[in-house]
Amino acid sequence: MGKKVALNVFYNIVIFLCVIIIWSAVEHGRWEYVLGCAFIAGIIITLKIRLIKEIKGMQK
């Protein structure tokens, strides 16, 4: 269970960093960074949702 909590924290940090990078990239007009970070954030959010569902299933 501790590994799953650590993985969840890691996912949160990556999502937060992607948001910061996207914000900075939009200000500087670097649309390739926006696209890349949006893609990575989408994958991480999908993995985070699957992890949360798995944890909820273990608690029942």
Side-chain angles (χ1 to χ4, degrees):
M1 187 72 170
K3 289 181 182 179
K4 293 184 188 290
V5 171
L7 190 58
N8 191 24
V9 170
F10 175 72
Y11 287 162
N12 287 334
I13 292 170
V14 170
I15 291 168
F16 181 71
L17 288 175
C18 280
V19 169
I20 291 173
I21 293 170
I22 288 172
W23 183 269
S24 176
V26 167
E27 287 181 349
H28 293 96
R30 300 299 304 248
W31 303 108
E32 63 274 11
Y33 291 154
V34 173
L35 183 63
C37 280
F39 179 72
I40 291 170
I43 291 172
I44 296 298
I45 290 170
T46 303
L47 292 172
K48 182 174 172 66
I49 291 170
R50 288 175 59 191
L51 179 67
I52 291 171
K53 286 182 181 179
E54 185 179 329
I55 290 172
K56 284 184 181 179
M58 288 174 50
Q59 290 177 348
K60 290 184 180 180

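Since the model is a prediction, treat every value here as computed from it, not as a measurement. For the single chain, residues carry numbers from 1 onward in sequence order.
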Engineer: Anything under 3.5 Å between a donor and an acceptor, one on a side chain of residues 15-27, the other on a protein residue two or more places apart or in another chain? List them.
Structural biologist:
residue	atom	partner	partner atom	Å
W23	NE1	E27	OE2	2.8

Engineer: Show the atom names and distances, to 0.1 Å, of all donor-acceptor pairs under 3.5 Å that link a side chain in residues 32-52 to residues at least two apart or in another chain.
Structural biologist:
residue	atom	partner	partner atom	Å
E32	OE2	R30	NE	2.7
E32	OE2	R30	NH2	2.5
T46	OG1	G42	O	2.8
K48	NZ	N8	OD1	2.4
K48	NZ	N12	OD1	2.8

Engineer: With sequence neighbours excluded, give me every salt bridge (Lys or Arg N to Asp or Glu O under 4.0 Å) pair touching residues 35-47.
Structural biologist: none
Engineer: Which residue pairs pass the salt bridge (Lys or Arg N to Asp or Glu O under 4.0 Å) test when at least one of the two sits in residues 7-23, sequence neighbours left out?
Structural biologist: none
Engineer: Test: salt bridge (Lys or Arg N to Asp or Glu O under 4.0 Å). Region: residues 2-26. Which pairs qualify, not counting sequence neighbours?
Structural biologist: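 Residue pairs passing salt bridge (Lys or Arg N to Asp or Glu O under 4.0 Å), neighbours aside: K4-E54.
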